[in-house]
Amino acid sequence: MPKQKKTRKFAVMKRMISLNDSRLKPEDRQPKKEKIPDPNEPKIIEAPKYSSALFFEYNTQLGPPYRILLDTNFINFAIKNKVEIVKGMMDCLYAKCIPYVTDCVQGELESMGERYRLALKIIKDSRIENLPCMHKGIYADDCLVQRVTQHKCYIVATCDKDLKRRIRKIPGVPIMSVGQHKFVIERMPDAPQM
């Protein structure tokens, strides 16, 4: 049996259906024309809407007493670094602070189990206020981002990199995190010079 000769086909393209093909519907037979923009027509550009409390990225709603939203991992990192939450916040900001815990953060800590019972005991402190959530689910990151975009009067306390990245996109919202056995704040505007 003789060997068959292999032939190579170079630059084989997909076959295109002709516009006269019977499988095409009548409205698909005409080639689509691209709309050429009119140079005299004004361009519509959508600008992001910012809060009226922002003045050149300076948030005028922020002021003592500071309202601080706590995230789950911030509480855990504060315990690991042996920093008391309320005292550490006051040492960082030099002002009165009101820490808030949402129902989602509390639910996330409860679902973590017995290992995090100390964190649950800490957030049940009378100095830490509870914020009710109206949405479904207990995913705390979405809850915190949604609350901060609606009301820009909060500082977000978190050590989560993904949540920090999401909050940095929101103008005028400072981020507090744990670093070197103390709390560190970023994007906090300086007080205006009088």
Side-chain angles (χ1 to χ4, degrees), residues 44-112 116 119 122-123 127-193:
I44 299 172
I45 299 172
E46 298 226 2
K49 295 177 182 163
Y50 291 115
S51 172
S52 61
L54 292 177
F55 179 71
F56 292 120
E57 299 263 334
Y58 177 76
N59 193 349
T60 57
Q61 287 182 343
L62 281 177
Y66 293 108
R67 296 166 195 84
I68 301 170
L69 283 175
L70 301 179
D71 188 25
T72 311
N73 55 19
F74 180 83
I75 298 166
N76 293 332
F77 272 86
I79 293 169
K80 283 181 188 172
N81 286 304
K82 297 177 182 168
V83 182
E84 188 188 338
I85 290 180
V86 179
K87 185 179 179 297
M89 288 176 181
M90 289 187 183
D91 290 344
C92 178
L93 295 170
Y94 302 116
K96 185 177 187 229
C97 301
I98 305 169
Y100 288 96
V101 174
T102 61
D103 289 343
C104 295
V105 172
Q106 194 168 354
E108 201 171 273
L109 276 171
E110 287 168 359
S111 68
M112 286 177 153
Y116 297 97
I122 287 174
I123 64 168
R127 296 175 292 176
I128 298 175
E129 295 193 20
N130 203 356
L131 287 175
C133 294
M134 300 299 172
H135 57 82
K136 294 179 182 175
I138 58 163
Y139 188 58
D141 291 1
D142 290 341
C143 175
L144 293 175
V145 169
Q146 177 188 4
R147 193 172 289 270
V148 164
T149 49
Q150 287 175 351
H151 314 287
K152 294 199 178 354
C153 60
Y154 294 109
I155 297 171
V156 178
T158 184
C159 295
D160 187 7
K161 288 182 182 177
D162 294 331
L163 182 58
K164 279 184 181 180
R165 193 178 306 123
R166 287 173 67 182
I167 290 174
R168 282 186 191 116
K169 293 176 184 173
I170 306 167
V173 179
I175 302 169
M176 183 181 280
S177 59
V178 181
Q180 299 173 353
H181 301 288
K182 62 181 181 180
F183 294 155
V184 181
I185 193 144
E186 68 178 69
R187 289 179 42 177
M188 186 71 175
D190 297 329
Q193 304 282 325

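Numbers for residues simply follow the sequence, beginning at 1. Below, each value reflects all heavy atoms present in this structure, side chains not excepted, and no hydrogens, waters or symmetry copies.
Under the rule for a side chain to side chain donor-acceptor pair (under 3.5 Å), the partners of Thr158 that lie at least two apart in sequence or sit in another chain are Asp71, Asn73. Among residues two or more places apart in sequence or in another chain, the side-chain contact (heavy atoms from CB on, under 4.5 Å) test is passed with Pro132 by Asp103. Every residue two or more places apart in sequence or in another chain that forms a side-chain contact (heavy atoms from CB on, under 4.5 Å) with Arg127 is listed here: Glu84, Val86, Asp125.
Here the SG-OH distance, from Cys133 to Tyr139, works out to 14.0 Å after rounding to the nearest 0.5 Å. From Cys92, atom SG reaches atom CD1 of Ile68 across 8.0 Å, with rounding to the nearest 0.5 Å. Distance check: Ile85 CD1 to Leu70 CG gives 5.5 Å after rounding to the nearest 0.5 Å. To the nearest 0.5 Å, atom CD1 of residue Ile185 and atom CE of residue Met89 are 9.0 Å apart. Between the CZ atom in Arg165 and the CG atom in Asp160 there is a gap of 9.0 Å [rounded to 0.5 Å]. Once rounded to the nearest 0.5 Å, the distance linking OH of Tyr116 with CD1 of Ile75 reads 12.0 Å.
Within the structure, the salt bridge (Lys or Arg N to Asp or Glu O under 4.0 Å) test picks out no pair touching residues 170-181 (sequence neighbours left out). Counting only residues at least two apart or in different chains, side chain to side chain donor-acceptor pair (under 3.5 Å) contacts with residues 91-101 comprise Lys87-Asp91. Every pair passing salt bridge (Lys or Arg N to Asp or Glu O under 4.0 Å) that includes a residue from residues 131-151 is listed here, sequence neighbours excluded: Asp142-Arg166.
The minimum heavy-atom distance between Cys153 and Leu62, with the atom names listed, is O-CD2, 3.8 Å. Closest approach of Met90 to Ala95, counting heavy atoms only: CG-O, 3.5 Å. Contact record, Tyr154 with Pro174: O-CD, 4.1 Å, taken as the closest heavy-atom pair. Minimum interatomic distance between Glu108 and Thr72 (heavy atoms only, all atoms of both residues): OE2-OG1, 2.7 Å. Ile123 and Leu109 get closest at one heavy-atom pair: CD1-CD1, 3.7 Å. Minimum interatomic distance between Gln146 and Thr149 (heavy atoms only, all atoms of both residues): O-OG1, 2.8 Å.
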Enumerate donor-acceptor pairs with a distance under 3.5 Å from any side-chain N or O in residues 175-183 to protein atoms, sequence neighbours excluded.
from: His181; atom 1: ND1; to: Asn81; atom 2: O; distance (Å): 3.1

*side-chain contact (heavy atoms from CB on, under 4.5 Å) evaluation trace for Ile167 with Lys164*: CA-CA 5 Å; Ile167 290 174; Lys164 279 184 181 180; 5.9 Å; no
*Evaluation steps, side-chain contact (heavy atoms from CB on, under 4.5 Å), between Thr102 and Leu144*: CA-CA 8 Å; Thr102 61; Leu144 293 175; 4.2 Å; yes
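Salt bridge present: Arg168 and Glu186 bring a charged side-chain N and a carboxylate O closer than 4.0 Å.
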